[in-house]
Amino acid sequence: MLRPLKRRLLPGILALCLLSLLTGCTRSASPALTPAARIITVGFSQVGAESDWRNANTRSMTEALSEENGYRLILSDAQNKQERQITAIRNFIQMGVDYIVLAPTNETGWDTVLTEARAAGIPVIVVDRMIEVADDSLYTCWVGSDFRKEGRNAVRFMEGLNAQDGLRIVHLQGNLGSSAQIGRTAALDEGLAAHDSWQLVYRGAGDFTQAKGQEIVNDLLDAGLDFNVIYSENDNMAFGAIAALKAHGLVPGVDVTIISFDAGRRALEMTLAGEISFDMECNPLHGPRVDNIIRQLEEGIQPPKLTFVSETSFDATITREVLEQRPY
Ligand code: GZL
């Protein structure tokens with residue numbers, strides 16, 4: 001009678017185990033046999049450090065494109081100046097980086113420098129705001145937000161405000177020419193065109209900064225302007241506006257409705273407190289998305305040309321539990 005298979009194989013298995021113990025050959029190859037993993041050098045041209053959103057975006061990128069993850073990241077802060085981004089991109093080309101990541105200050109003016117990057121054979125990944133170029137082969141792909149959709153969500157919230165004598169709106173715009181400003185402004189213009197009871201009493205660029213937002217609203221209040229809504233194209237300008245309202249004895253969320261964008265944790269605390277009435281998320285966590293794009297490209301896979309991130313919004317229904325779970 002044949003011995004059960006495993007009993008017939010047992011002596012051979014024992015011999016193999018003894019051999020591997022004696023020769024130290026284990027299942028995993030010795031380090032010398034694994035090819036050295038390639039360090040990927042990435043030149044990242046970042047807008048600046050103008051807002052909580054921007055800082056969260058930079059943190060996300062540096063955490064994802066870290067040395068432990070196989071990257072050498074060269075971060076350049078343009079301090080909100082496109083010409084500094086163009087210089088940084090030229091430096092990246094000279095350095096022969098493997099990839100360029102661009103978070104553009106504004107939509108236009110990129111054709112020449114991106115043509116130089118293409119001539120050098122360096123793929124360009126655009127994050128956050130959009131760019132407008134004559135030939136979209138000048139960049140490999142883009143990941144970011146649908147800013148007009150964000151604005152339409154805010155306008156829909158405003159349509160639910162039952163202000164008896166209509167809406168008198170102060171509009172704090174972001175950096176003029178940035179797609180975040182273009183999209184969010186276009187949505188408000190759609191709302192103004194659709195509602196006769198909505199009046200735009202002021203529109204001006206607050207450059208996404210808290211200081212500028214506070215300065216504008218402070219001046220408007222000093223001038224005695226009458227308004228009941230502030231449509232602020234990011235949280236930091238909303239923070240400034242709220243400080244100005246309080247300095248004039250007004251209660252944000254009661255005397256004036258605050259509409260904001262980004263939905264960072266600081267702003268969500270103010271939403272929970274009833275000071276910000278509506279905050280539209282603009283997700284800054286592009287680091288893992290760029291890491292994933294680069295790994296696809298390293299494998300010869302072409303990622304989608306455009307990837308829009310999904311985003312939500314917050315209002316008075318927010319809870320402490322929801323806030324505590326927010327990632328930025
Ligand atoms: C939006 C981003 C904007 C944020 C601002 O994606 O470009 O720039 O809304 C940031 O906070 O300054």
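Read the numbers this way: they start at 1 and go in the same order the structure lists the ligands and their atoms.
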K.L.:
Check ligand 1 against Phe147 and write out every atom of the ligand that is under 4.0 Å from a heavy-atom position of the residue.
P.N.:
1 (C), 6 (O)
K.L.:
If you group Ile, Leu, Val, Met, Phe, Trp and Tyr by side-chain heavy-atom gaps below 4.5 Å, do Tyr202 and Trp198 land in one group?
P.N.:
no
K.L.:
Can you sort out which atoms of ligand 1 are near Ser51, meaning under 4.0 Å from one of its heavy atoms?
P.N.:
5 (C), 10 (C), 11 (O), 12 (O)
K.L.:
Apart from Val322 itself, what residues make up its hydrophobic cluster when side-chain heavy atoms of I, L, V, M, F, W and Y under 4.5 Å apart count as a link, directly or indirectly?
P.N.:
Leu268, Leu272, Phe314, Ile318, Leu323
K.L.:
Taking only heavy atoms of Asn234, which atoms of ligand 1 are found under 4.0 Å from at least one of them?
P.N.:
5 (C), 9 (O), 11 (O)
K.L.:
For atom CG of Asp165, decide whether the heavy atoms of other residues, nucleotides or ligands shown that lie under 6.0 angstrom number more than 12.
P.N.:
yes
K.L.:
Which residue and non-hydrogen atom of the protein lie closest to atom 4 (C) of ligand 1, and at what distance in Å?
P.N.:
Asp262 OD1, 3.4 Å
K.L.:
May I ask you to test the Met158-Tyr231 pair for a side-chain heavy-atom distance under 4.5 Å?
P.N.:
yes
K.L.:
Is the contact between Phe261 and ligand 1 made by the side chain, the backbone, both, or neither, using heavy atoms and a 4.0 Å cut-off?
P.N.:
neither
K.L.:
At a 4.0 Å threshold, what atoms of ligand 1 neighbour a non-hydrogen atom of Phe208?
P.N.:
5 (C), 8 (O), 12 (O)
K.L.:
For atom 6 (O) of ligand 1, what is the closest protein heavy atom, and at what distance to 0.1 Å?
P.N.:
Asp128 OD1, 2.3 Å
K.L.:
Any salt bridge linking Arg295 with Glu298? Criterion: basic side-chain nitrogen under 4.0 Å from a carboxylate oxygen.
P.N.:
no
K.L.:
Hydrophobic cluster mates of Phe147, side-chain heavy atoms under 4.5 angstrom, ILVMFWY only, any path?
P.N.:
none
K.L.:
May I ask whether Arg184 places a heavy atom under 4.0 Å from ligand 1?
P.N.:
yes
K.L.:
Show me which atoms of ligand 1 lie under 4.0 Å from any heavy atom of Arg54.
P.N.:
2 (C), 7 (O), 8 (O), 10 (C)
K.L.:
If hydrophobic clusters are built from ILVMFWY residues whose side chains come within less than 4.5 Å, do Ile86 and Met130 share one?
P.N.:
yes
K.L.:
Under the criterion side chain to side chain contact (heavy atoms under 4.5 Å, CB included), I'd like the reasoning laid out for Glu50 against Asn234: C-alpha separation, chi angles, the key distance, then a yes or no.
P.N.:
CA-CA 11 Å; Glu50 75 283 1; Asn234 89 325; 5.9 Å; no
K.L.:
Students should be able to answer this: which protein heavy-atom is nearest to atom 12 (O) of ligand 1, and at what distance?
P.N.:
Glu50 OE2, 2.5 Å
K.L.:
Between Gln181 and ligand 1, find which residue part has any heavy-atom pair under 4.0 Å and reply side chain, backbone, both or neither.
P.N.:
neither
K.L.:
Tell me, which protein residue and heavy-atom name are nearest atom 8 (O) of ligand 1, and how many Å apart are they?
P.N.:
Arg129 NH2, 2.8 Å
K.L.:
Does ligand 1 have an atom that lies less than 4.0 angstrom from a heavy atom of Cys282?
P.N.:
yes
K.L.:
Any donor-acceptor pair under 3.5 Å linking the side-chain atoms of Ser137 with those of Asp135?
P.N.:
yes
